Amino acid sequence: MTSDTAYTKSPFARRLFLVFIVSAALPVLTLAALAFSTVTEQLLEQNRIRQAQEVKTFGLSIFDRLDLLDRELQLLESKDPQALMMTLSWPENATRVRLEEKLDSLWLFSNDAALPILGQPPVFDEAALANLDLSTGSSLLTTRSSRGNPLVIMVLAETTNNPGSNYLLAEINPGYLWAVDTFETNKHYCVFERSGDALFCSNGAPITNQTVLQQIENDSFSGHSILENGSRDSELLSWWSLFLSGRFSVQDWIVMTSIPRSEVLQPISDFRTMFLSVFSITLLLVVLLSSAQIRRILEPLKQLSKAIHAMGNTEFNKRVEIDSGDEFAELAESFNTMGRK
């Protein structure tokens, strides 16, 4: 029987080998599991705090752009529409250049007729104008274009002629209002009305569902949630209520950001790959070292076992030569002494 065969067939060797492997692997795996769990929770908590700040910043930036546009339109609203059309007809006019960056169209609505000032007015339900509250001076009207795209229209009561019956309307350019060029590519941004209708989503598809909308309704100001996508990666959502009723007399908008959970936990994935490589190398070293150590233990035991069988066959002059300098060597010397006696 070869040494390797004896080693693999020895129950004692197998038990000792298992003890070595478990003693080496179990503490490492336990510590790794605790580390992964703790770091995962910390990454998710840090992301929750960061997302809450980001979604608030996103909402406030929308409000600032609406406020700036309203102030500019308030200056225009005091001018005569005919004079305004004449002024804005010049392509190099500074006011026209500024408005073209912010608006898709600007027109005066009076006596059920639209008088274009800049661009072409979109088709929408004019009856909605009667339901607007212009007590604060301006309001926002949300509607849909003929292609179904959301439109945000700023409405001001024109005061120079027939106050209360003339309206100055401005179709806000989505690129200006949402500032899509400032978005992070790995995140998704959306803006919803309280009704749940999406006004804007950065990748074209809403990032929420009815369950999340119900949660927003119950926790209306701000919050954080996880959106499960079935077999796809789940999304970490944060939302914030953009208060508009005091400034534009409309219901608040819900601004929302999301990021794939895998993006947040990418450091864990990188560390897991590195850990598995290091653990595999460590386990291989443990196997090699434990195998060598077990062979060193089994070899003296094999010699002693052969000597005992020889003594049983009255071969009392059989000597055991073990030069390990440990208890096995002492046992071998005692055995040889017993044989001589």
Side-chain angles (χ1 to χ4, degrees), residues 1-54 184-188 207 212 223-238 257-306 320-332:
M1 183 181 296
T2 65
S3 176
D4 288 340
T5 303
Y7 164 68
T8 56
K9 289 187 176 181
S10 169
F12 170 74
R14 290 197 295 268
R15 288 196 303 270
L16 192 56
F17 180 75
L18 181 62
V19 168
F20 279 135
I21 295 299
V22 172
S23 299
L26 185 59
V28 175
L29 292 176
T30 302
L31 181 61
L34 292 174
F36 283 142
S37 176
T38 302
V39 174
T40 297
E41 291 298 325
Q42 289 180 348
L43 287 175
L44 292 175
E45 178 63 18
Q46 290 174 1
N47 176 76
R48 187 190 67 79
I49 297 173
R50 182 170 58 252
Q51 264 192 284
Q53 183 60 44
E54 288 176 351
E184 297 182 37
T185 56
N186 64 332
K187 293 184 179 180
H188 189 183
I207 57 176
V212 176
H224 190 78
S225 181
I226 299 178
L227 177 61
E228 300 293 345
N229 292 321
S231 59
R232 296 184 299 165
D233 189 14
S234 57
E235 298 275 337
L236 303 178
L237 309 179
S238 284
T257 65
S258 77
I259 185 173
R261 192 172 187 269
S262 59
E263 291 279 348
V264 177
L265 299 182
Q266 185 61 43
I268 290 290
S269 300
D270 297 339
F271 179 68
R272 183 183 293 111
T273 301
M274 181 181 67
F275 169 77
L276 290 176
S277 300
V278 174
F279 179 73
S280 300
I281 295 173
T282 302
L283 194 61
L284 178 60
L285 291 176
V286 171
V287 169
L288 295 176
L289 292 175
S290 61
S291 298
Q293 187 64 28
I294 290 172
R295 286 190 180 95
R296 289 185 60 188
I297 295 174
L298 284 182
E299 189 60 34
L301 290 178
K302 285 169 55 181
Q303 294 185 39
L304 289 169
S305 179
K306 289 179 180 179
V320 180
E321 299 294 339
I322 298 177
D323 188 19
S324 60
D326 53 17
E327 287 81 357
F328 286 110
E330 294 178 3
L331 182 60

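Fair warning: this is a prediction, and the values are worked out from it, not measured in the lab.
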Q.
Are Ser291 and Val287 packed together at the side-chain level, in the sense that at least one heavy-atom pair is separated by less than 4.5 angstrom?
A. yes

(Q) Looking at every non-hydrogen atom in both residues, tell me the closest pair between Phe20 and Val286 and how far apart they are. (A) O-CG1, 4.0 Å

Q. Got Met274 and Ser277 here, is their nearest side-chain heavy-atom distance under 4.5 Å?
A. no

Q.
Please find the pair of heavy atoms, one from Val22 and one from Pro27, that lie closest to each other, and give the distance.
A. O-CD, 3.7 Å

Q. Looking at CD of Glu45 and NE2 of His224, how far apart are the two atoms once the value is rounded to the nearest 0.5 Å?
A. 8.5 Å

Q. What distance do Phe36 atom CZ and Leu31 atom CG have between them, rounded to the nearest 0.5 Å?
A. 10.0 Å

Q. Between atom CD of Glu235 and atom CD1 of Ile259, what is the distance when rounded to the nearest 0.5 Å?
A. 8.5 Å

**Q.** Contact check, side chains of Leu44 and Leu265, non-hydrogen atoms, under 4.5 Å
**A.** yes

Q | Test item: Gln53 and Ile49 side chains (from C-beta on) under 4.5 Å apart, heavy atoms | A | no

Q. About how many Å separate CG of Leu276 and CZ of Phe271, when rounded to the nearest 0.5 Å?
A. 9.5 Å

Q: State whether the side chain of Ser37 and the backbone N or O of Ala33 hold a donor-acceptor pair below 3.5 Å, judged by distance alone.
A: no

Q: Compare every heavy atom of Gln51 with every heavy atom of Ser238, then report the nearest pair and how far apart it is.
A: OG-CB, 3.2 Å

Q) Does the side chain of Ser258 come within less than 4.5 Å of Lys187's, by heavy atoms? A) no

Q | Residue pair Leu283 / Ala25: nearest heavy atoms and the distance that separates them | A | CD1-CB, 4.4 Å

Q: Could you grab the distance from atom OG1 of Thr38 to atom CG of Leu43, nearest 0.5 Å is fine?
A: 11.0 Å

**Q.** Nearest-0.5 Å distance, OG1 of residue Thr273 to CD1 of residue Ile268
**A.** 11.0 Å

**Q.** Evaluation steps, side-chain contact (heavy atoms from CB on, under 4.5 Å), between Val19 and Arg15
**A.** CA-CA 6 Å; Val19 168; Arg15 288 196 303 270; 5.5 Å; no

Q.
Using the rule given for side-chain contact (heavy atoms from CB on, under 4.5 Å), can you reason through Arg261 versus Thr40, listing the C-alpha separation, both sets of side-chain angles and the distance that settles it, and then say yes or no?
A. CA-CA 11 Å; Arg261 192 172 187 269; Thr40 297; 4.2 Å; yes

Q) Which is it for Thr282 and Val28 under the side-chain contact (heavy atoms from CB on, under 4.5 Å) test, yes or no, and what are the steps along the way? A) CA-CA 10 Å; Thr282 302; Val28 175; 5.8 Å; no

